[in-house]
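Some notes on the structure that comes next.
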Amino acid sequence: MKITLNRINDDFLFECTNGQGNSILLDNTSQPGAKGVSPMESVLMAVAGCSGIDVVSILKKQRQEIKSFQAEVEGERVQVDEAKPFKSIKVKFLLEGEIDPKKALKAAELSFEKYCSVSKTLEPNVEIGYEVLLNGEKI
């Protein structure tokens, strides 16, 4: 796996491109007029995307009917010398559809305990938690 980062303005805007030519913009969001996401926001996005792919994949294999899927991810940071790494990350899955609540909860559990490479990469240093809401109800 390889990505390429190219600076695309005179400040902090970067385009990161993967081997298939897909890209995202990263920027210094503490500056006015930022046109991309911050690198730390991209970490939260990666957790959401990785675990989201897992949960949807597991539920589809179980023939659950997902009408809507969203994830909200919040990260708490802590000062360590000059850096501010994540101390904890919380993922909230919001699902709608004809889905067995036990299967939805098990899919989230499997993602974080077994499949999600992003959370597994962060796990030794970051506490990662999750909750699942199905059709507006916490399960």
Side-chain angles (χ1 to χ4, degrees):
M1 180 181 303
K2 179 180 174 181
I3 66 107
T4 303
L5 179 139
N6 287 303
R7 186 174 175 211
I8 59 174
N9 71 3
D10 290 335
D11 286 319
F12 308 103
L13 185 61
F14 299 97
E15 180 179 44
C16 295
T17 306
N18 69 5
Q20 296 172 310
N22 300 311
S23 63
I24 64 168
L25 296 177
L26 296 178
D27 206 345
N28 181 349
T29 58
S30 67
Q31 302 293 311
K35 293 184 173 44
V37 299
S38 77
M40 292 302 279
E41 288 169 333
S42 74
V43 171
L44 296 180
M45 291 176 177
V47 170
C50 185
S51 60
I53 288 168
D54 292 340
V55 171
V56 169
S57 176
I58 292 165
L59 292 175
K60 284 181 77 155
K61 286 177 185 171
Q62 296 175 337
R63 302 186 192 280
Q64 301 298 294
E65 188 180 325
I66 305 167
K67 292 191 176 168
S68 173
F69 179 93
Q70 291 183 318
E72 296 174 357
V73 185
E74 292 186 41
E76 181 183 350
R77 297 171 72 180
V78 62
Q79 193 77 43
V80 176
D81 298 322
E82 297 301 313
K84 285 182 72 179
F86 287 115
K87 173 184 173 186
S88 64
I89 294 175
K90 175 109 185 228
V91 181
K92 182 190 296 185
F93 295 112
L94 304 128
L95 295 97
E96 304 238 345
E98 298 294 321
I99 303 167
D100 181 320
K102 289 179 185 172
K103 289 182 179 184
L105 201 54
K106 185 66 176 175
E109 178 185 314
L110 284 170
S111 175
F112 289 107
E113 291 183 9
K114 189 173 183 180
Y115 297 118
C116 180
S117 298
V118 176
S119 66
K120 287 292 188 191
T121 299
L122 299 171
E123 193 174 81
N125 298 309
V126 181
E127 178 186 320
I128 299 179
Y130 63 91
E131 66 179 314
V132 179
L133 279 76
L134 177 58
N135 298 320
E137 303 278 326
K138 184 176 176 180
I139 53 174

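Computed from a predicted model, the values in this text were never measured in an experiment.
Remark: the backbone N or O of E113 is paired with a side-chain donor or acceptor of K120 at under 3.5 angstrom. Of the possible donor and acceptor atoms, none in the side chain of S111 sits under 3.5 Å from a partner among the backbone N and O of A107. With hydrogens and angles disregarded, a donor-acceptor distance shorter than 3.5 Å links the side chain of Q64 to the backbone of D100. Between the side chain of D27 and the backbone N or O of K35, at least one donor-acceptor pair lies under 3.5 Å. For the pair D81 (side chain) and A83 (backbone), a donor-acceptor distance under 3.5 Å is absent. Between the side chain of R63 and the backbone N or O of E65, no donor-acceptor pair lies under 3.5 Å. Counting only distance, with no hydrogens or angles, the side chain of Q20 and the backbone of N18 share no donor-acceptor pair below 3.5 Å.
Within 6.0 Å of CD in E98 there are 12 or fewer heavy atoms belonging to other residues, nucleotides or ligands. Atom CD of Q31 has more than 12 heavy atoms from other residues, nucleotides or ligands within 6.0 Å. With a 6.0 Å radius and a threshold of 12 heavy atoms from other residues, nucleotides or ligands, Q70 has its CD atom at or below the threshold.
With rounding to the nearest 0.5 Å, the separation of CD1 in I8 from CG in L13 is 4.0 Å. Between I139 atom CD1 and E131 atom CD the span is 10.5 Å, to the nearest 0.5 Å. The distance from atom CD1 of I66 to atom CG of L59, rounded to the nearest 0.5 Å, is 4.5 Å.
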Would L110 and D54 count as a side chain to side chain contact (heavy atoms under 4.5 Å, CB included) here? Give the steps. CA-CA 8 Å; L110 284 170; D54 292 340; over 6 Å; no
Please test L122 against F86 for side chain to side chain contact (heavy atoms under 4.5 Å, CB included), starting from the C-alpha separation and ending with a verdict. CA-CA 9 Å; L122 299 171; F86 287 115; 5.8 Å; no
Is there a side chain to side chain contact (heavy atoms under 4.5 Å, CB included) between L25 and V37? Walk through the geometry before answering. CA-CA 6 Å; L25 296 177; V37 299; over 6 Å; no
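In this structure the side chain of N125 never reaches within 4.5 angstrom of the side chain of P85, judged on heavy atoms. Looking at I3 and T17, their side chains never come closer than 4.5 Å, going by heavy atoms from C-beta outward. The shortest side-chain heavy-atom distance between D11 and N28 does not fall under the 4.5 Å cut-off.
At a threshold of 4.5 Å between side-chain heavy atoms, the hydrophobic network of Ile, Leu, Val, Met, Phe, Trp and Tyr places I24 and M45 in one connected group. The hydrophobic clustering, which links ILVMFWY residues whose side-chain heavy atoms are closer than 4.5 Å, places I53 and I58 apart. Hydrophobic cluster membership is shared by V43 and V126, with clusters built from Ile, Leu, Val, Met, Phe, Trp and Tyr side chains linked at under 4.5 angstrom. Following chains of ILVMFWY side-chain contacts shorter than 4.5 Å, one cannot reach V91 starting from Y115, and the two form parts of different hydrophobic clusters. Transitive grouping of hydrophobic side chains (ILVMFWY, heavy atoms separated by less than 4.5 Å) brings V55 and L105 into a common cluster.
Residues A104 and I99 come closest through the heavy atom pair CB-CG2, 3.9 Å. The minimum heavy-atom distance linking L134 with G97 is given by the pair CD1-O, 4.4 Å. Smallest separation of non-hydrogen atoms from V47 and C116: O-SG, 4.5 Å. Between V73 and A48, the shortest heavy-atom contact is CG2-CB, 3.5 Å. Here the shortest heavy-atom pairing between V78 and K87 reads CG1-CB, 4.0 Å. Nearest heavy-atom pair across N135 and E96 is OD1-CA, 3.1 Å.
Using a cut-off of 4.0 Å between Lys/Arg side-chain N and Asp/Glu carboxylate O, K92 and E74 are scored as not salt-bridged.
Relative orientation of the F112 and F93 rings is tilted, given thresholds of 30° and 60° on the angle between their planes.
S88 is linked by a side chain to side chain donor-acceptor pair (under 3.5 Å) to E76, counting only residues two or more places apart in sequence or in another chain.
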